[in-house]
Structures are given as C-alpha cells and as structure tokens.
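So the structure is just underneath, and the comments pick up after that.
Model, not experiment: these values are computed from the prediction.
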Amino acid sequence: MNTEQQAAFARNSDPVHAKFGTTQAEIRNIFQRTELQQQYKDLNWLGTFDDYLKVATANPTVTDNAFQRVHAMIMSYGAEKYSLGGREYTRFKFFDDPLCAGNDAVFGLDDKLMKLVELFEAAAKGYGPQKRLFLMLGPVGSSKSTVARLLKRGAEHYSLTPQGAVYTFGFSEEPVRVENAQKSLDNLGKVNKDQVAWSPMNVEPLSLIPKHLRSEFLAALNQSIPVGAPKIQINGGLDPASRFQLRELLEKYDGNYDRVFDHVVVKRLAISEEDRTGITTFQPKDPKSQDSTELTGDINYRKLAKYGSDSDPRAFSFDGELCCANRGIAEFIEVLKLEREFLYELLTATQERVIKPKKFPQTEIDLVLLGHTNEAEYEKLQADRFQEALRDRSLKIDIPYVLTLSNERKIYEKDFTSEKVDRHIAPHTIEVAAMFAVCSRLDEPKKSGMTLLQKMRLYNGESVAGYTEQTVREIQDEAPREGHRGISPRFIQDCLSACLVRDTEESRRFLSPFMLLNVLRERLPENPHVTSDDERKRLSAILDKVEQEYKDIVKKEVQLAIAGDVKALETMGQKYVENISAYQRKQKVENRLTRGLDEPDEKFMRSIEEKIGIAAAAKDDFRREILQTIGGMAAAGRKFNPLDNDRLREALEKKLFDDTKDTIQIKQFVSVVQHDDEQQQKFDTLKERLIKRFGYNDDSATEALKFVASILAR
C-alpha cells in the first residue's frame with residue numbers, strides 16, 4: 001500500500017470523517033429532491049392568454065380577490081369547536097402557526113379571532129367589509145403584530161400552492177400567441193422576462209377584458225364549470241402602465257383586441273414580503289422625511305429624461321406600499337400615528353378601493369388593508385371630530401390580553417421549558433407567572449364571596465364549588481373591558497429571563513417559583529406601563545395573593561408526599577367506610593384486635609371529615625353521599641376504592657399527613673445539625689415522591705421541603 005492509499009484508508013477509517021461524509025450526503029439529498037425542482041418550474045410558469053384561460057377554467061380560484069384568498073387560506077387549515085364557561089367557540093388551526101411549528105401561535109383569543117375570520121368571510125362574499133380598514137386594537141404585547149405576521153406568512157405560503165396560485169401579466173414586444181400551439185410554446189421559450197413590460201401592480205390578467213364585455217366574456221367562460229363550483233371572476237381594473245401599453249397596442253392593431261392578446265404573457269406570481277410582492281408593511285417615521293408618495297409611488301427622474309413627461313407612466317415608479325401590496329395584504333403598524341395626508345389616502349383606498357398616484361387617474365386596487373394600534377391612539381381618534389370619516393370606514397377588532405390561565409401558560413412554555421433553557425424549571429413556575437399575569441387583567445369580582453383567584457379558575461374552565469357556567473357568563477358580561485389592562489406577557493418574559501441570568505448558585509441549577517416571585521416583586525415598580533401608585537398597590541396585592549396560592553399548593557404537595565403511602569391511605573379509607581356504614585345502619589363495628597363489637601368511632605370519622613371543612617351539621621349528608629356511591633358501584637359490579645373519591649382522598653391525605661409529620665420530624669430539615677441515617681432516609685423518600693409524582697428534581701424538591709419545614713418550625 002503506497003502513501004496515498006494509506007492516507008485515503010485513514011480518512012475513511014476516521015469515524016468523524018465518515019460521519020461527516022454521511023451528513024454531507026443527507027444534505028445533498030435534501031437539495032436534490034425532485035419536488036423542489038417541480039415547485040420551481042410551477043412558480044416560474046409562463047403562458048399565453050389562452051393558456052391562462054385554460055388554467056382559470058380548470059381552477060377558477062386563481063381569479064379570487066385578496067379577501068377570498070385570505071379567507072380560503074385560513075379555512076384550509078381546518079377548525080374545531082369547543083365549549084368553555086357555557087359558551088361555544090371555534091378554534092381556527094391556522095392561528096396555531098403550523099407553518100413555523102407553533103412559534104407564533106396565538107392562544108386564548110379564539111372569540112376575537114372568530115370575529116376576524118367572520119369579517120374575512122363577509123368581505124370574501126362582498127357583503128361590505130371589503131371596503132373597510134381592518135383595525136386591530138389592544139394593549140401593548142397583546143399579539144396584534146403576531147396576528148398580522150401570521151396572516152402575511154400564510155398568504156405567502158398559500159400563493160405557492162395550487163389552490164392559492166396567483167397570476168399576473170405583461171406585454172411582450174413580439175407576438176407570443178399564434179394559431180399553432182407548438183409555435184406559441186417556442187415563442188414563449190424565447191421570451192426574455194426582463195424585456196416584458198410587466199404590470200407593475202401585478203394586476204389579474206382578466207382585467208384586460210374591457211368592462212363592457214366582461215359579463216358576456218364570463219358567461220361564455222363559466223358555462224363549462226359545474227353548478228355549485230366556484231366561478232371565474234374579474235376583480236379590478238388595469239394600472240396606468242398597463243393601460244398605456246394596451247392603448248399603444250390597440251393603436252398599432254387598429255382596435256383589434258384579439259391581436260393585442262397575442263402580445264400578452266402570463267406568469268405565476270409568488271406572494272413575498274421580502275420581494276415586496278403582494279405584501280408590504282408600512283410604519284410611521286419622521287414626518288419631515290416621509291410623504292404620501294410612499295403609499296402610491298413617485299416620479300422616476302432617471303426615466304423622465306427619456307420619456308419627457310412626468311405624466312408618462314413609463315417615467316413613474318409604481319412602487320408605493322399600496323401598489324406593491326396589490327393582490328395581497330398591506331399592513332400598517334401604529335396606523336393612527338400616521339400624518340393626516342396618509343390617512344386621507346386610506347379613506348379612498350378603503351371605501352372606493354382605489355388609489356390616486358400623482359398625475360394619474362384613480363387606480364383600482366385589490367388588497368386587504370390591515371392596521372393595528374394601541375388604545376391610547378384609538379381614544380385620540382374617537383375624540384377627533386375631523387377623523388369621523390376614518391372612524392366610519394374602520395372595523396375594530398379587539399385583541400386584548402389572554403384571560404385563561406391554561407392559554408397564558410402556553411405563551412411562556414413556547415420559550416421557557418427545561419429543554420430550551422437547559423435548566424430545570426420547577427413545577428408551578430410557569431403557572432405562577434401566568435396566574436399573576438391573568439389576575440392582573442381581571443376586574444375584582446362583584447359576586448359576593450368570590451375571590452379573584454376563584455374568578456381566574458372559573459375563566460379557565462375549572463369547577464369552583466358554588467358556581468355554575470351561568471355564573472361565568474354573568475361575570476364575563478359584567479366586565480366587557482377585561483383584558484385591556486394589566487401585566488403584559490413581555491414583562492413576565494423579561495422577569496423569567498432575569499431569573500435565568502442571575503449569577504447565583506441556585507439560579508445556575510434551577511428556576512423555581514420563589515425565585516420568580518422575588519424578581520416580579522423587585523421589577524414591578526420599574527414597569528413602564530404601571531403609571532399610578534394605585535395601580536402599583538393593586539398589582540402588589542395581587543402578587544401577594546398569587547404567592548399565598550403557590551405556598552398553599554407546595555404545602556399540599558409536600559403533604560401528599562408525606563402521606564404518599566397508598567397502602568396506609570387505603571387502610572384508613574376502608575376503616576372510615578366501615579365506620580360510616582355501621583353508623584348509618586345503627587350497628588356496631590368489629591374490633592380487629594379484640595374481635596369484640598364497638599360503637600362506630602365518631603371521633604375518628606370526624607377527624608377525617610374536618611380535614612375538608614365538613615361541619616358537624618353536614619356530616620350525615622357527606623356520609624350518605626359516600627355510601628350511595630358505594631351502592632351504585634356495587635350495582636354496576638365494581639368495587640369501591642376510597643382513593644377514587646376526590647374529596648375523601650383529600651381528607652385521608654390530610655389526616656395521614658397530620659398523623660405522620662411528627663414521626664418524620666420534617667421541622668428538623670431546616671436545622672444545620674447533621675441528621676441521623678434514619679431521618680435522612682425519610683427525607684430522601686419524600687424527595688423521591690416529589691420528583692416522581694410532581695416533576696421536581698433534587699434541588700427544587702429540597703427547596704420545597706425546606707419551605708414547608710420552615711412553616712412547621714414556626
């Protein structure tokens with residue numbers, strides 16, 4: 001074996017090199033997929049006007065307007081219905097962000113998104129909302145921008161599918177359509193795209209049909225389409241540049257439209273925000289450096305010398321935001337902060353669906369106008385009587401903060417999980433964050449005896465003793481503006497981040513609710529959106545309630561860990577059942593030690609019932625309830641297990657906890673004195689139960705036990 005062969009053998013024997021070689025092959029296979037090449041060909045489709053008529057006849061949805069396309073895009077992902085608090089909701093799966101694995105998923109706003117989708121449906125059917133500005137309104141951080149981003153991204157992706165295909169046209173210098181189909185194909189192959197005078201506003205090819213001929217044209221074209229199927233339609237008119245080209249060709253061919261269509265080249269259009277094709281985003285800047293031509297385009301002074309007139313469309317750049325967004329979506333960030341001259345442009349763009357480029361006639365547009373702003377700006381609009389026209393042409397869609405605990409948790413769980421932050425996150429950490437955020441957004445309950453935390457639980461679909469679904473509907477109706485104030489998700493996310501980067505031994509190992517509560521308390525006075533002392537006091541009081549709620553939760557979990565001996569719980573439960581059964585029948589109970597008969601142990605029964613707050617006057621009702629459950633299960637051929645009844649199990653766990661806590665001597669856990677082996681083994685058992693049952697790790701379980709031990713020590 002020569003030197004070169006030895007080197008080659010060493011390279012191939014190296015496991016790292018071999019692995020890299022395998023990876024490189026896998027990567028190359030990704031880019032060699034035939035569907036990628038096919039997609040490229042589909043998106044770069046060129047055809048004659050006749051070819052496009054065949055495409056439209058086979059798939060009439062290619063002629064949909066912008067609202068129809070957005071609505072169809074949303075519905076293509078499906079929807080599901082569910083009930084919460086006695087109300088019916090529809091969850092549109094599109095807002096789960098399937099395109100980006102849920103990174104921009106919107107949670108807890110289904111009622112508001114239902115309204116948004118209803119407006120899109122009404123606009124798609126031409127019922128009026130298509131002539132309005134869709135204005136999303138809500139507090140900072142309430143996901144207004146996220147909803148807009150989802151819609152834009154969805155429109156982009158949908159245009160790449162056969163169902164959402166979009167086409168536009170241009171004029172070639174030489175005819176491309178001839179009688180012979182093969183020659184037409186050959187002519188298209190010779191077309192240089194850069195030499196085609198493409199419609200600068202990406203107008204629909206059928207807009208070339210003169211308006212007085214459209215009814216006759218569509219009747220002829222749609223007669224072959226089955227009844228009930230979507231029909232071909234014509235939306236809008238030509239842009240000034242295309243009108244100019246059409247006039248030039250009509251003059252050349254002495255008004256023969258058929259000869260003009262020989263020059264029409266149709267191409268597939270990919271909606272893309274990056275390319276400013278069908279999607280644009282506009283935001284206010286310095287009024288001194290921004291004018292309304294940014295919306296409608298401006299004179300191209302480099303071409304002015306060539307064409308000689310600033311009213312020649314060839315010397316004009318139709319690159320304004322509304323021009324480039326044609327056939328898609330124009331997003332206006334902080335729309336109500338725009339100068340009045342911009343808002344005037346929006347008035348005609350909404351109601352008349354036209355724009356007025358400088359020195360050109362009004363030009364029809366086909367796009368979704370989507371704006372968003374905060375409540376302060378909207379209140380200014382309401383107070384400005386000079387903006388009555390804009391108010392009348394706006395459809396307000398409220399996007400408030402989330403009011404359901406489970407959905408608020410999902411917002412933070414997208415970014416803060418043990419896998420993503422490479423650190424253990426103790427149980428209830430995210431729940432505590434979500435509890436504080438949601439409670440800060442709720443109005444104090446007007447129902448007598450109801451607490452803020454109970455209201456939060458009811459909104460979350462949880463059952464709370466003494467309240468029904470009707471109660472939930474009533475308290476929701478009493479507080480229609482809930483969710484428009486309170487703590488922003490961004491503030492919570494910032495506090496979670498601060499916990500993770502703190503340079504302490506504990507924070508480098510795990511993140512716990514206690515750490516988060518400390519940071520929330522520290523940073524609450526610094527929150528820029530909390531501007532009054534009364535609001536700070538209100539939020540501080542809510543934080544106290546949330547902290548106490550968490551302490552009750554962790555105490556209960558340690559209690560369950562101490563009372564985690566299932567066999568002991570079942571034995572105690574069976575003893576309780578035997579005693580209440582004998583009590584109900586006015587019989588005696590067999591003493592398992594003496595084998596004699598004793599009276600039912602009232603002290604024992606009451607010691608269990610009192611653990612869950614059952615008063616002496618209500619004891620008989622509770623005992624009958626348990627016995628009726630046992631009888632019903634026996635009739636069904638099933639055996640009753642005391643631990644299957646939630647209330648009885650809770651009572652048994654609390655009883656066993658009180659009976660055993662002194663034996664374990666948990667109070668000594670806060671002591672610095674070395675524990676004996678037996679006690680240490682008991683502590684380790686408790687930690688193991690917390691880890692297995694509730695998801696703690698060794699550090700967070702130790703913290704929880706120390707906290708409960710400190711309470712018992714007091």
Side-chain angles (χ1 to χ4, degrees), residues 36 39-47 52 55-56 61-73 99-100 148-172 191-208 235-242 245 264-283 293-298 300 313-314 316-333 349 353 355 357 363-371:
L36 289 178
Q39 185 185 55
Y40 178 82
K41 291 178 181 178
D42 291 342
L43 295 177
N44 285 272
W45 180 91
L46 282 181
Y52 179 64
V55 170
T61 59
V62 300
T63 64
D64 281 354
N65 63 36
F67 283 99
Q68 290 170 329
R69 194 172 292 110
V70 171
H71 181 254
M73 176 269 294
L99 294 175
C100 288
R149 189 162 57 249
L150 283 170
L151 291 171
K152 293 189 297 182
R153 186 187 301 145
E156 285 184 341
H157 184 266
Y158 193 61
S159 73
L160 306 181
T161 66
Q163 299 81 8
V166 187
Y167 293 84
T168 188
F169 74 94
F171 293 101
S172 66
V191 168
N192 184 341
K193 288 186 179 182
D194 294 334
Q195 294 178 352
V196 175
W198 296 108
S199 164
M201 292 176 59
N202 298 315
V203 169
E204 154 69 40
L206 296 186
S207 297
L208 285 163
N235 297 297
L238 298 176
D239 56 72
S242 299
Q245 295 292 339
V264 173
V265 180
V266 181
K267 70 174 180 178
R268 176 88 177 264
L269 191 68
I271 301 294
S272 169
E273 184 173 19
E274 289 183 353
D275 297 331
R276 295 183 75 236
T277 302
I279 291 180
T280 59
T281 303
F282 186 79
Q283 63 187 50
T293 59
E294 290 194 33
L295 296 180
T296 55
D298 201 359
N300 187 331
R314 293 170 297 178
F316 194 89
S317 294
F318 294 91
D319 58 357
E321 303 296 335
L322 295 176
C323 300
C324 293
N326 199 42
R327 313 291 303 282
I329 299 173
E331 177 193 7
F332 286 83
I333 298 173
R353 310 300 294 170
I355 58 174
T363 301
E364 294 181 66
I365 54 173
D366 170 29
L367 52 80
V368 175
L369 286 166
L370 187 67

So, taking the atom named [atom1] in [X] and the one named [atom2] in [Y], what distance separates them when rounded to the nearest 0.5 Å?
X	Y	atom1	atom2	answer
Leu367	Asn202	CG	CG	11.5 Å
Arg268	Ser159	CZ	OG	7.0 Å
Thr280	Asp319	OG1	CG	11.0 Å
Thr63	Gln68	OG1	CD	7.5 Å
Leu322	Leu369	CG	CG	6.5 Å
Ile365	Cys323	CD1	SG	8.5 Å

Test Glu331 against every option in Arg149, Lys152, Arg153 by the salt bridge (Lys or Arg N to Asp or Glu O under 4.0 Å) rule and name the one that passes. Lys152

Partners of Asp64 by side chain to side chain donor-acceptor pair (under 3.5 Å), sequence neighbours excluded?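 By the side chain to side chain donor-acceptor pair (under 3.5 Å) rule, Asp64 matches Gln233.
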
For a 4.5 angstrom cut-off between non-hydrogen side-chain atoms, does [X] reach [Y]?
X	Y	value
Tyr158	Val70	no
Phe67	Asn235	no
Arg69	Val166	yes

Once side-chain contact (heavy atoms from CB on, under 4.5 Å) is applied, do any residues pair with Leu160, and if so which ones, sequence neighbours excluded?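 Once residues adjacent in sequence are excluded, the partners of Leu160 under the side-chain contact (heavy atoms from CB on, under 4.5 Å) criterion are Gln39, Leu43, Ala270.
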
Shortest non-hydrogen contact from [X] to [Y]?
X	Y	result
Val62	Ala56	CG2-CA, 3.9 Å
Ser199	Asp239	OG-OD2, 2.5 Å
Ile355	Ala349	CG2-CB, 4.5 Å
Leu151	Ile329	O-CD1, 3.7 Å
Met201	Arg327	O-CG, 4.3 Å
Ala330	Ala325	CB-CB, 3.7 Å

Are a donor atom and an acceptor atom from the side chains of Thr281 and Glu273 found within less than 3.5 Å of each other? yes

Run the side chain to side chain contact (heavy atoms under 4.5 Å, CB included) test on Val264 and Phe171 for me, step by step, so that the C-alpha distance in whole Å, both residues' side-chain angles and the decisive distance to 0.1 Å come before the verdict. CA-CA 5 Å; Val264 173; Phe171 293 101; 3.9 Å; yes

Hey, is the main chain of Ile271 close enough, under 3.5 Å, to the side chain of Thr277 for a donor-acceptor pair? no

Donor-acceptor pair, Asp366 side chain versus Ala66 backbone, under 3.5 Å?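 Checking the backbone N and O of Ala66 against the side chain of Asp366, a donor-acceptor pair under 3.5 Å is found.
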
Classify the ring geometry of Phe318 against Phe316: parallel below 30°, tilted from 30° to 60°, perpendicular beyond 60°. tilted

Which label fits Tyr52 and Tyr167: parallel for a plane angle under 30°, tilted from 30 to 60°, or perpendicular past 60°? tilted

Decide yes or no on side chain to side chain contact (heavy atoms under 4.5 Å, CB included) for Val265 and Lys193, but give the supporting numbers first. CA-CA 9 Å; Val265 180; Lys193 288 186 179 182; over 6 Å; no

Report the C-alpha distance between Asn65 and Arg353 in whole Å, list the side-chain angles of each, state the deciding distance to 0.1 Å, and finish with yes or no for side chain to side chain contact (heavy atoms under 4.5 Å, CB included). CA-CA 12 Å; Asn65 63 36; Arg353 310 300 294 170; over 6 Å; no

In sequence, state the C-alpha distance, the side-chain angles, and the governing distance for Met73 and Gln163, and then conclude on side chain to side chain contact (heavy atoms under 4.5 Å, CB included). CA-CA 9 Å; Met73 176 269 294; Gln163 299 81 8; over 6 Å; no

